[in-house]
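See structure below.
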Amino acid sequence: MQRFGVDISKWQSGFDFNKALQEGVEFIILRGAYAMSKDKCFDNFYKQCKSLNIPVGVYHYTMAETVDEARDEANFMLNILKGKQFEYPIWLDVEDEVQKTLGKDLLTQIITTYLDILEGAGYYVGIYSTYLYLRDYAHIDMLDKYDKWIAQWSIKNTCKKPYGMWQFGGETNKIRTNKVAGVTCDQNYAYKDYPAIIKNAGLNGFTKCKSIDQLAREVIAGYWGTGLNRKIRLTEAGYDYNAVQKRVNEIV
């Protein structure tokens, strides 16, 4: 599986989401914050994604230089995410020059502190960076439990660790044009079915999905209504109406 998406921030203010869809964009990762500053376009971008049913995720550009600052950034992000739903992960963007001098022990602790706070709050989390940055400035092997979104503007990703997303281009793009919807932006491939993973697990603001068998028994008990109303309610809740109805018929 390979899905095409972009990541955008205030630098793409005025982004044309409808045109992006027409050009094949299948998901969008929004910048939620830069350190302790919320991206000024985040709320508007999120609203537009939801109105067009574009699966969306978030990244947070970290500037934390201490564990306490990592905690502050994590709690700041939780406030930004509150009350919203995200089909793609919440990524910690680790790439700044100020963190290169911290030492591997401290930077690794900063990363794990931030991600563990968000994970504990019910979010699917991961790390955005280059493979070389994580290898050279953090204990990369200690970060194996976290998903990776690897940036490498090339025709091939040479990361030696498993990863779920690849940012293959930005201003420099060796695979396709560097513009989407007429705007220069970072472009990505996702290799995991994040919407299914996240929704089925009940993460990122979603309620854990029920099994087809459980739904069928609820239908029989009358919890989902009848006829067209039942179909509408199940579909709006994100379930496969035909699969549920088939199981209902098998049971009765």
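Among the candidates Y123, Y46, F206, the single residue satisfying the ring pair (Phe, Tyr, Trp, His ring centres under 6.0 Å) test with F86 is Y46.
L143 has its side chain out of reach of L115: every pair of non-hydrogen atoms, C-beta onward, lies at least 4.5 Å apart. Side-chain contact between Q187 and Q167 is absent, with no heavy-atom pair separated by less than 4.5 Å. Between R3 and F27 there is a side-chain heavy-atom pair separated by less than 4.5 Å. Taking the side chain as every heavy atom from C-beta outward, W91 and I29 approach each other to under 4.5 Å. With contacts defined as side-chain heavy-atom distances shorter than 4.5 Å, the pair T172/N178 does not qualify.
Geometric assessment of K174 against the ring of F168 yields a negative cation-pi assignment under the 6.0 Å and 45° thresholds.
The closest side-chain donor-acceptor pair between Y163 and D147, if any, does not fall under 3.5 angstrom. Inspection of the T158 and Q152 side chains reveals an N or O donor paired with an N or O acceptor under 3.5 Å. Side-chain contact check for Y191 and N157: no donor-acceptor pair (N or O, by modelled atom type) lies under 3.5 Å.
Side chain of T235 to main chain of I232: no donor-acceptor pair is present (N/O by atom type, distance under 3.5 Å, no hydrogens or angles). No side-chain donor-acceptor contact under 3.5 Å links K148 to the backbone of Y131. A donor-acceptor pair is defined here as one N or O able to donate and one able to accept, closer than 3.5 Å; such a pair exists between the side chain of E26 and the backbone of F4. Looking at Y88, its side chain never comes within 3.5 Å of a backbone N or O of I198 through a donor-acceptor pair. Side chain of E119 to main chain of Y124: no donor-acceptor pair is present (N/O by atom type, distance under 3.5 Å, no hydrogens or angles). T130 contributes no side-chain N or O that, together with a main-chain N or O of A151, makes up a donor-acceptor pair within less than 3.5 Å. Proximity of a side-chain donor or acceptor of H60 to a complementary backbone N or O of A35 within less than 3.5 Å is detected. With hydrogens and angles disregarded, a donor-acceptor distance shorter than 3.5 Å links the side chain of N173 to the backbone of R176. E95 places no side-chain N or O within donor-acceptor distance of the main-chain N or O of S129, the cut-off being under 3.5 Å.
Between atom SG of residue C41 and atom NZ of residue K10 there is a gap of 8.5 Å, rounded to the nearest 0.5 Å. Interatomic distance, E69 CD to D72 CG, rounded to the nearest 0.5 Å: 7.5 Å. From E250, atom CD reaches atom NZ of K246 across 5.5 Å, with rounding to the nearest 0.5 Å. In this structure, SG on C49 lies 5.0 Å from CG on L30, to the nearest 0.5 angstrom. With values rounded to the nearest 0.5 angstrom, L118 atom CG is found 12.0 Å from T113 atom OG1.
Dense packing is recorded around NZ of K84, with more than 12 heavy atoms of other residues, nucleotides or ligands lying under 6.0 Å away. The number of heavy atoms from other shown groups lying within 6.0 Å of CD (E171) does not exceed 12. Within a 6.0 Å sphere centred on NZ of K161, other residues, nucleotides and ligands contribute more than 12 heavy atoms. By the neighbour-count criterion of 12 heavy atoms within 6.0 Å, atom CE of M36 is densely surrounded, having more than that number from other residues, nucleotides or ligands. Within a 6.0 Å radius of NZ in K40, no more than 12 heavy atoms belonging to other residues, nucleotides or ligands are found.
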> Would E87 and K50 count as a salt bridge (Lys or Arg N to Asp or Glu O under 4.0 Å) if you check the C-alpha gap in whole Å, the side-chain angles of each, and the deciding distance to 0.1 Å?
Replying inline: CA-CA 10 Å; E87 294 83 2; K50 288 299 177 179; 2.8 Å; yes

> Checking salt bridge (Lys or Arg N to Asp or Glu O under 4.0 Å) for the pair D93/R31: CA distance, chi angles, key distance, verdict?
Replying inline: CA-CA 9 Å; D93 183 340; R31 186 172 76 168; over 6 Å; no

>> Could you go through I28 and I8, starting from their C-alpha distance and side-chain angles, then the distance that decides it, and tell me whether this counts as side-chain contact (heavy atoms from CB on, under 4.5 Å)?
In response: CA-CA 7 Å; I28 294 179; I8 57 176; 3.9 Å; yes

> Please walk me through it: do N75 and Y114 pass side-chain hydrogen bond (donor to acceptor under 3.5 Å, both in side chains)?
Replying inline: CA-CA 9 Å; N75 289 319; Y114 179 100; over 6 Å; no

> Would D43 and K47 satisfy salt bridge (Lys or Arg N to Asp or Glu O under 4.0 Å), going step by step from the backbone distance to the final call?
Replying inline: CA-CA 6 Å; D43 287 329; K47 183 177 180 181; over 6 Å; no

>> Let's go through Q48 and N44 carefully: what are the C-alpha distance in whole Å and the side-chain angles of both, what is the deciding distance for side-chain hydrogen bond (donor to acceptor under 3.5 Å, both in side chains) to 0.1 Å, and is it a yes or a no?
In response: CA-CA 6 Å; Q48 292 193 66; N44 176 263; 2.7 Å; yes

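Clustering ILVMFWY residues whenever any of their side-chain heavy atoms sit less than 4.5 angstrom apart, transitively, puts L92 in the very cluster that holds L134.
Taking the six-membered ring for Trp and the full ring otherwise, W149 and Y128 have centroids separated by under 6.0 Å. A centroid separation of less than 6.0 Å is found between the aromatic rings of F17 and F45.
Cluster partners of V244 are I212, L215, V219, I220, Y223, W224, L234, Y239, Y241, V248, I251, V252, counting Ile, Leu, Val, Met, Phe, Trp and Tyr whose side-chain heavy atoms approach within less than 4.5 Å, directly or via other members. Under a 4.5 Å side-chain heavy-atom criterion applied to ILVMFWY residues, the cluster that includes V98 comprises Y34, Y61, M63 as well.
Between D141 and R135 there is no salt bridge, since none of the side-chain N atoms of the basic residue sits less than 4.0 Å from a carboxylate O of the acidic one.
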